[in-house]
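Structure record follows, encoded as structure tokens.
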Amino acid sequence: MISLKSKFAKNSLVLMTASALLVACGQNEPTQKVEAKTEKQQMAAKALTYPVTKKGEVIDEYFGTQVADPYRWLEDDMSAETADWVKAQNEVTFGYLENIQYREDIKNRVEKILNYEKISAPFKEGDYT
């Protein structure tokens with residue numbers, strides 16, 4: 001049974017982490033600079049060229065209603081075709097993510113926030129607790 005005190009502690013930790021992440025994202029950033037980055041991101045998003053995703057002609061019937069499932073071929077995660085599609089998508093995604101200028105700053109801030117001394121619950125080992 002989890003005590004009310006430990007539930008409160010867990011919820012507080014989650015709230016503090018979420019708050020810290022929000023603070024970390026905007027810390028030491030002038031408003032104009034953030035807006036400029038947003039505009040750059042919008043321009044970069046427009047320039048992204050995603051790979052073509054083919055559509056199949058699979059149609060299932062459920063209780064008299066026909067339901068198209070054109071992307072069912074992507075459900076086969078062991079096929080070479082799906083692997084090629086995922087690889088092409090990842091090239092676009094990671095190419096975009098690598099161009100985010102403040103990505104390393106966010107990573108370092110979150111790492112700093114989460115890197116604190118952690119103490120586990122007491123346990124018994126031999127005659128000692």
Side-chain angles (χ1 to χ4, degrees):
M1 183 166 156
I2 299 175
S3 71
L4 185 59
K5 194 173 188 178
S6 66
K7 280 185 184 178
F8 178 76
K10 288 180 183 177
N11 289 340
S12 296
L13 180 61
V14 169
L15 287 173
M16 288 183 343
T17 304
S19 299
L21 288 173
L22 289 172
V23 169
C25 290
Q27 190 171 1
N28 299 327
E29 292 287 336
T31 305
Q32 291 177 337
K33 206 172 192 181
V34 171
E35 289 174 6
K37 287 180 182 177
T38 303
E39 289 174 21
K40 286 181 183 176
Q41 287 175 349
Q42 288 174 351
M43 290 174 57
K46 290 177 185 176
L48 293 177
T49 306
Y50 290 97
V52 177
T53 305
K54 77 170 190 165
K55 290 185 178 183
E57 297 183 16
V58 177
I59 299 176
D60 292 322
E61 188 171 322
Y62 297 103
F63 307 104
T65 302
Q66 290 189 341
V67 179
D69 190 1
Y71 303 108
R72 176 155 317 159
W73 64 274
L74 285 170
E75 293 178 15
D76 182 8
D77 60 347
M78 302 306 278
S79 78
E81 189 176 26
T82 302
D84 292 341
W85 182 85
V86 169
K87 183 178 177 185
Q89 289 285 336
N90 283 340
E91 286 175 8
V92 172
T93 302
F94 292 121
Y96 175 79
L97 292 175
E98 288 169 0
N99 289 322
I100 296 175
Q101 297 172 358
Y102 51 88
R103 187 174 182 202
E104 191 65 26
D105 296 336
I106 292 173
K107 177 186 169 267
N108 292 336
R109 179 75 173 134
V110 170
E111 202 171 78
K112 182 179 178 183
I113 291 169
L114 296 178
N115 191 15
Y116 60 92
E117 183 179 5
K118 293 152 184 91
I119 301 172
S120 67
F123 61 94
K124 192 162 187 137
E125 189 169 323
D127 293 335
Y128 302 98
T129 298

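In this text the structure is predicted, and so the values were computed from the model without any measurement.
Between Arg109 atom CZ and Leu114 atom CG the span is 10.5 Å, to the nearest 0.5 Å. The CD atom of Glu75 sits 5.5 Å away from the CG atom of Asp69 when rounded to the nearest 0.5 Å. To the nearest 0.5 Å, atom CD of residue Gln101 and atom CD1 of residue Ile106 are 11.5 Å apart.
The cluster map of Ile, Leu, Val, Met, Phe, Trp and Tyr, joined by side-chain heavy atoms under 4.5 Å apart, puts Tyr71 and Ile59 in different clusters. By the rule that hydrophobic residues join a cluster once side-chain heavy atoms approach within less than 4.5 Å of another member, Ile100 and Phe94 end up as members of one cluster. In the hydrophobic clustering of ILVMFWY residues, with side-chain heavy atoms under 4.5 Å counting as a link, Val110 and Leu97 come out together.
Among residue pairs with one or both ends in residues 82-94, those qualifying as side-chain hydrogen bond (donor to acceptor under 3.5 Å, both in side chains) are Thr53-Trp85, Ser79-Thr82; sequence neighbours excluded.
Annotation for Lys54 and Trp73: closest pair O-NE1, 3.0 Å, computed over non-hydrogen atoms. The nearest pair of heavy atoms linking Val92 to Pro51 is CG2-CD, 3.9 Å. The two residues Arg103 and Glu98 come nearest to each other via the heavy atoms NH1-N, 4.0 Å. Between Tyr50 and Leu48, the shortest heavy-atom contact is OH-CD1, 3.5 Å.
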Show the atom names and distances, to 0.1 Å, of all donor-acceptor pairs under 3.5 Å that link a side chain in residues 119-129 to residues at least two apart or in another chain.
none

